[in-house]
Amino acid sequence: MVHPAITARGLRKAYGDHAVLDGIDLTVAEGTIFSLLGPNGAGKTTTVQILTTLIGADAGEIRVGGHDASAEVDDVRELIGVTGQFAAVDELLTGRENLELMGALNHLPKKEIRALATELLERFDLVEAGDKPASTYSGGMTRRLDLAMTLVGDPRVIFLDEPTTGLDPRSRRSIWDIIRTLVDDLGVTVFLTTQYLEEADQLADRIAVLDQGRIVAEGTAAELKRLIPGGHIRIDFADHARLDAARSALGSSAQVLEGSDGLTLAVPGDGGVRSLRAVLDVLDAHRIEAGGISVHTPNLDDVFLTLTGKPTTQETVR
Ligand SMILES: Nc1ncnc2c1ncn2[C@@H]1O[C@H](COP(=O)(O)OP(=O)(O)OP(=O)(O)O)[C@@H](O)[C@H]1O
Ligand SMILES: [Mg+2]
């Protein structure tokens, strides 16, 4: 692996006798997007707070950008930017003033601050709103400003705690585009928490599923999907005669789909071109006409249900 931007080993954190993080290991490669996916109360914010040196862990080792997060706190803080779960925007100030305030807090020269604020307002599509008070901004605009403020210190590693929770699908997509662009253009590393499976699926190079303070699975979206069975090809028929003929032609792996009207066959398979062609070839060879064919691939929702026994609280974005 490339030099990792973040590593954590054996992270533990308890509040009283409640073990919030129960031994967490994470590795995030530089220049990648890593997503910590979990439901309410899983420990996502606690993990971000520890990795960003806001709170200490009870046990464990953390390195960010090669620095030890407990011994070299200042070095870590210099490298990172954090967008918290709740916006850090000052509503009484304009967008530009919020950005300039961040510049001043980062001890940037005045001239540079003005230029940077202008550049960030452009990058985050806030030019027209830049001189209006942030209190007049929509949820999506506030999130964009919050993200822009995170970039002021030119961080190499950016932590985003639920960056799109509560946003409508369109605003969510625009934040996704911004995050992708950050990684592509600036080569930053992004550590992102989310409750949305689709968000992790869309953005993340790697995903860790957090449930009650433990990582219950980790991998690429494709790897996680492979963890669970259930991929199959569905074939619809106009009548039972055709379905029966197809079933004997395709062999014992073809089953009538449960819960269907008895006119759909399910054939286990990954849904790749090869497996589809094999099915079609058999139907052709036996001159059996199919009404329709579709591929069912397991989604991350299925993964979560399989791993934790609970469905997620996901709202689907269409
Ligand atoms: N300062 C605290 N004192 C006591 N308990 C806490 C504290 N901070 C968090 N917790 C508890 O730790 C657990 C995990 O909280 P955390 O905020 O990390 O979850 P989360 O995954 O970010 O949830 P959400 O999706 O709701 O933001 C919760 O049960 C919470 O009540
Ligand atoms: Mg949280």
Side-chain angles (χ1 to χ4, degrees), residues 6-26 28 33-62 64 69-70 73 76 80-89 139-140 142-144 146-147 149-150 157-169 171-172 175-176 179 190-204 206-218 221 224 300-301 303-305 307-317:
I6 306 168
T7 53
R9 292 286 163 266
L11 270 199
R12 288 181 188 282
K13 179 76 183 176
Y15 288 109
D17 56 8
H18 178 192
V20 175
L21 298 181
D22 199 10
I24 285 195
D25 298 333
L26 296 169
V28 181
I33 303 179
F34 183 93
S35 177
L36 190 63
L37 173 70
N40 284 128
K44 300 183 297 296
T45 297
T46 305
T47 305
V48 169
Q49 287 173 329
I50 292 173
L51 294 178
T52 58
T53 75
L54 281 175
I55 62 173
D58 298 340
E61 278 173 34
I62 303 156
V64 178
S70 53
V73 173
V76 170
I80 64 173
V82 189
T83 305
Q85 188 165 2
F86 305 100
V89 170
T142 306
R143 275 282 157 188
R144 293 209 301 276
D146 205 13
L147 263 173
M149 287 161 64
T150 303
V157 183
I158 298 176
F159 293 85
L160 305 174
D161 195 4
E162 299 197 28
T164 69
T165 297
L167 297 185
D168 62 45
S171 309
R172 179 170 296 155
I175 299 275
W176 290 352
I179 295 171
V190 172
F191 185 98
L192 164 131
T193 77
T194 184
Q195 307 188 25
Y196 303 116
L197 300 157
E198 191 189 3
E199 182 156 300
D201 202 356
Q202 284 279 333
L203 288 178
R206 293 187 76 76
I207 299 167
V209 183
L210 185 67
D211 186 46
Q212 298 184 5
R214 287 170 181 271
I215 306 277
V216 292
E218 214 229 293
L224 292 183
L300 281 174
D301 244 334
V303 175
F304 207 85
L305 190 61
L307 291 171
T308 68
K310 294 188 300 262
T312 57
T313 48
Q314 185 191 24
E315 300 156 27
T316 310
V317 181

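All residue numbers in this chain count up from 1 along the given sequence. Just follow the structure's listing: the first ligand is 1, and inside any ligand the first atom is 1.
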A.B. asks: Checking R9 now: which residues fulfil salt bridge (Lys or Arg N to Asp or Glu O under 4.0 Å) with it, not counting sequence neighbours?
C.D. replies: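 Scan of R9 (salt bridge (Lys or Arg N to Asp or Glu O under 4.0 Å), adjacent residues dropped) gives none.
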A.B. asks: Would you mind reporting whether L51 and V76 have side-chain heavy atoms less than 4.5 Å apart?
C.D. replies: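 They are not in contact (no side-chain heavy atoms under 4.5 Å apart), so the answer is no.
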A.B. asks: Please examine the side chains of T165 and Q85, heavy atoms only from C-beta on, and report whether any two atoms are closer than 4.5 Å.
C.D. replies: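 Side chain of Q85 against side chain of T165, heavy atoms only: no contact under 4.5 Å found.
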A.B. asks: Between F34 and F191, how do the two ring planes meet: parallel, tilted or perpendicular, split at 30° and 60°?
C.D. replies: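 Rings of F34 and F191: parallel, as their planes differ by under 30°.
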A.B. asks: Give one line per pair: atom of ligand 1, protein atom, distance. Only N/O to N/O under 3.5 Å.
C.D. replies:
from, atom 1, to, atom 2, distance (Å)
ligand 1, 18 (O), T45, N, 3.4
ligand 1, 18 (O), T46, N, 2.9
ligand 1, 18 (O), T46, OG1, 2.6
ligand 1, 19 (O), G43, N, 3.3
ligand 1, 21 (O), A42, N, 3.2
ligand 1, 21 (O), G43, N, 3.0
ligand 1, 21 (O), K44, N, 2.8
ligand 1, 21 (O), K44, NZ, 2.9
ligand 1, 22 (O), T45, N, 2.8
ligand 1, 22 (O), T45, OG1, 2.8
ligand 1, 23 (O), G41, N, 2.8
ligand 1, 25 (O), N40, ND2, 3.2
ligand 1, 25 (O), K44, NZ, 2.7
ligand 1, 25 (O), E162, OE2, 2.8
ligand 1, 25 (O), Q195, NE2, 3.2
ligand 1, 26 (O), N40, ND2, 2.8
ligand 1, 27 (O), Q85, OE1, 3.0
ligand 1, 27 (O), Q85, NE2, 2.8
ligand 1, 27 (O), E162, OE2, 3.3

A.B. asks: Name all residues meeting the salt bridge (Lys or Arg N to Asp or Glu O under 4.0 Å) criterion together with D22; count only those two or more places apart in sequence or in a different chain, and write none if there are none.
C.D. replies: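 Partners of D22 under the salt bridge (Lys or Arg N to Asp or Glu O under 4.0 Å) test: R12, R214.
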A.B. asks: What is the total of protein N/O/S atoms that are closer to the Mg ion (ligand 2) than 2.8 Å?
C.D. replies: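 For the Mg ion (ligand 2), the figure is 2.
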A.B. asks: Determine whether a donor-acceptor pair (N or O, by modelled atom type, separation under 3.5 Å) exists between the side chain of K44 and the backbone of L37.
C.D. replies: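 A pair under 3.5 Å: no.
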A.B. asks: Are a donor atom and an acceptor atom from the side chains of T83 and D146 found within less than 3.5 Å of each other?
C.D. replies: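 Side chains of T83 and D146: no pair found under 3.5 Å.
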A.B. asks: Only one of R143, Q195, R172 passes side chain to side chain contact (heavy atoms under 4.5 Å, CB included) with T164; say which it is.
C.D. replies: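 Considering R143, Q195, R172, a side chain to side chain contact (heavy atoms under 4.5 Å, CB included) with T164 is found only for R172.
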A.B. asks: Are any of the side-chain heavy atoms of I175 and L160 separated by less than 4.5 Å?
C.D. replies: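 With C-beta onward as the side chain, the pair stays apart.
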